[in-house]
Amino acid sequence: MILTPRLLKIAQLVPKGSRLADIGTDHGFLPIYLLKNNIISFAVCSDIKKGPLANAEKNIKKHGFEKKTRLCLADGLAGILPNEADTAVIAGMGGEMIASILENGIPEGINSFFLQPMRNIDLLRRKIHLLGLKITNEFLVKEKDKFYIIICAEKGEEKPWKDDEYIVSPFLRKDSLWAEYSLKERDKILKAATELEKSENKEKKAEFDRLLKLYK
């Protein structure tokens with residue numbers, strides 16, 4: 001089974017022997033890959049929609065993993081039983097959605113999190129700290145011409161970061177893709193700044209200047 005670069009990177013990060021809660025499982029590709037490669041011992045495949053869950057069930061049966069998985073029709077982590085999983089993956093959603101899922105309650109036993117937000121990443125980082133979780137690492141993944149960020153977190157108190165660090169994580173600066181990623185982000189900011197050139201909005205211009213400095 002071939003995973004997208006994003007899912008493959010997450011698969012490489014999941015600790016061996018984990019019991020996985022895959023939230024928004026869609027076709028169930030990630031848990032199937034992890035089970036085939038003996039990385040996890042069990043997976044809860046959860047989705048809020050019946051269609052994706054039916055796809056996951058079909059693929060799970062195809063690979064013979066019915067006894068090592070449980071299908072769950074639920075919103076976020078709501079359907080995960082206490083101590084049923086120790087690791088959660090929440091990928092391909094907006095940062096605000098992932099933050100809301102975490103805020104609504106983390107089932108007992110889940111201590112590790114691999115999160116892949118599509119937007120509002122600074123909001124998610126702040127929420128992680130507010131919920132008593134600790135960001136342990138972050139990774140950049142390039143998929144075609146787009147970059148994605150994977151946040152690794154675990155239970156444990158951490159001092160709040162500086163405001164700028166919630167926008168550009170200190171972990172990202174250590175990533176091998178940082179130079180390419182930061183150049184692309186600067187191009188986006190410069191394009192937006194150019195469109196604002198005729199504007200009288202001095203506050204917005206100052207914000208663009210601040211962001212440009214963060215992506216050096």
Side-chain angles (χ1 to χ4, degrees), residues 1-15 18-121 123-124 127-128 131 133 139-153:
M1 178 171 290
I2 299 174
L3 298 180
T4 63
R6 280 176 285 172
L7 289 182
L8 181 59
K9 182 62 179 180
I10 292 172
Q12 293 168 346
L13 293 170
V14 172
S18 297
R19 294 173 64 82
L20 182 73
D22 185 30
I23 307 304
T25 195
D26 198 15
H27 289 77
F29 290 158
L30 178 63
I32 290 170
Y33 176 92
L34 292 169
L35 286 165
K36 283 186 70 174
N37 287 278
N38 297 312
I39 296 170
I40 62 172
S41 60
F42 175 81
V44 184
C45 304
S46 180
D47 208 291
I48 195 171
K49 295 180 180 179
K50 293 181 179 179
L53 206 61
N55 290 331
E57 182 177 21
K58 180 180 177 181
N59 290 324
I60 287 167
K61 286 181 177 179
K62 178 181 177 181
H63 290 88
F65 288 127
E66 297 97 320
K67 293 183 179 180
K68 291 188 175 183
T69 57
R70 180 173 76 83
L71 296 166
C72 177
L73 182 65
D75 185 358
L77 291 161
I80 309 302
L81 303 175
N83 298 308
E84 186 176 30
D86 52 45
T87 301
V89 169
I90 312 176
M93 305 179 197
E96 72 283 7
M97 177 63 74
I98 297 175
S100 177
I101 287 172
L102 295 174
E103 190 172 29
N104 285 340
I106 298 170
E108 184 180 348
I110 297 182
N111 299 305
S112 298
F113 305 83
F114 298 97
L115 314 171
Q116 188 267 297
M118 303 298 284
R119 57 190 172 276
N120 294 330
I121 301 171
L123 181 152
L124 176 58
K127 181 59 68 174
I128 287 170
L131 291 173
L133 302 177
F139 297 91
L140 287 163
V141 177
K142 188 176 183 182
E143 198 167 293
K144 295 183 179 179
D145 62 339
K146 293 184 178 180
F147 286 93
Y148 299 92
I149 293 171
I150 297 169
I151 299 174
C152 309

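Here the structure is a predicted model, which means the values were calculated and not measured.
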Enquirer: How about Ile23 and Met93: do any of their side-chain heavy atoms sit closer than 4.5 Å?
Expert: yes

Enquirer: Hey, could you give me the CG/CG distance between Asp22 and Leu20, rounded to the nearest 0.5 Å?
Expert: 5.5 Å

Enquirer: Indicate the atoms forming the closest heavy-atom contact of Arg6 with Ile150, along with that distance.
Expert: O-CD1, 3.8 Å

Enquirer: Which value, rounded to the nearest 0.5 Å, describes the distance between Asp47 atom CG and Asp75 atom CG?
Expert: 10.0 Å

Enquirer: What I'd like to find out is whether the side chain of Leu30 reaches to under 4.5 Å of the side chain of Val14, using heavy atoms alone.
Expert: no

Enquirer: Look at the side chain of Asp145 and the backbone N and O of Glu143, then say whether any donor-acceptor pair between them is shorter than 3.5 Å.
Expert: no

Enquirer: Just wondering, do Ile98 and Ile151 contact through their side chains at under 4.5 Å, heavy atoms?
Expert: no

Enquirer: I need the Lys67 NZ to Ile60 CD1 distance, nearest 0.5 Å.
Expert: 15.0 Å

Enquirer: Output the distance between atom SG (Cys45) and atom CG (Leu53), rounded to the nearest 0.5 Å.
Expert: 7.5 Å

Enquirer: Which value, rounded to the nearest 0.5 Å, describes the distance between Ile80 atom CD1 and Cys72 atom SG?
Expert: 5.0 Å

Enquirer: Using atom types as modelled and distance alone, determine if a side-chain donor or acceptor of Gln116 lies under 3.5 Å from a backbone N or O of Gly92.
Expert: yes

Enquirer: Side-chain contact, heavy-atom cut-off 4.5 Å: Ile10 with Leu3?
Expert: no

Enquirer: Identify the heavy atoms of Asn83 and Gly109 that sit nearest to each other, and give their distance.
Expert: OD1-CA, 3.5 Å

Enquirer: Testing Thr25, Thr69, Leu71 one by one against Glu57 for a side chain to side chain contact (heavy atoms under 4.5 Å, CB included), which residue passes?
Expert: Leu71

Enquirer: Step through the shown structure and confirm whether more than 12 heavy atoms of other residues, nucleotides or ligands are within 6.0 Å of CE on Met118.
Expert: yes

Enquirer: How far does CD of Glu103 sit from CG of Leu131, to the nearest 0.5 angstrom?
Expert: 6.0 Å

Enquirer: Taking the side chain as C-beta and beyond, is there a heavy-atom pair between Thr4 and Phe29 under 4.5 Å?
Expert: no

Enquirer: Is any side-chain heavy atom of Tyr33 closer than 4.5 Å to a side-chain heavy atom of Leu7?
Expert: no

Enquirer: I want to check something: taking the side chain as every heavy atom from C-beta on, are Arg70 and Glu84 in contact at a cut-off of under 4.5 Å?
Expert: yes

Enquirer: Between Phe139 and Leu13, which heavy-atom pair has the shortest distance, and what is it?
Expert: CE1-CD2, 3.6 Å

Enquirer: Among Asn120, Leu124, Ile101, which one satisfies side chain to side chain contact (heavy atoms under 4.5 Å, CB included) with Glu96?
Expert: Asn120

Enquirer: Give the intermediate values and the outcome of side chain to side chain contact (heavy atoms under 4.5 Å, CB included) for residues Phe113 and Leu102.
Expert: CA-CA 10 Å; Phe113 305 83; Leu102 295 174; 4.0 Å; yes

Enquirer: List the atom of Ala88, the atom of Ile110, and the distance in Å for their closest heavy-atom pair.
Expert: CB-CG2, 3.9 Å

Enquirer: Taking all non-hydrogen atoms of both residues into account, name the closest pair between Ile32 and Phe65 and its distance.
Expert: O-CE1, 3.9 Å

Enquirer: Minimum heavy-atom separation for Ile149 and Pro117, please, with both atom names.
Expert: O-CD, 3.4 Å

Enquirer: Between Ser41 and Arg19, is any pair of side-chain heavy atoms under 4.5 Å apart?
Expert: yes

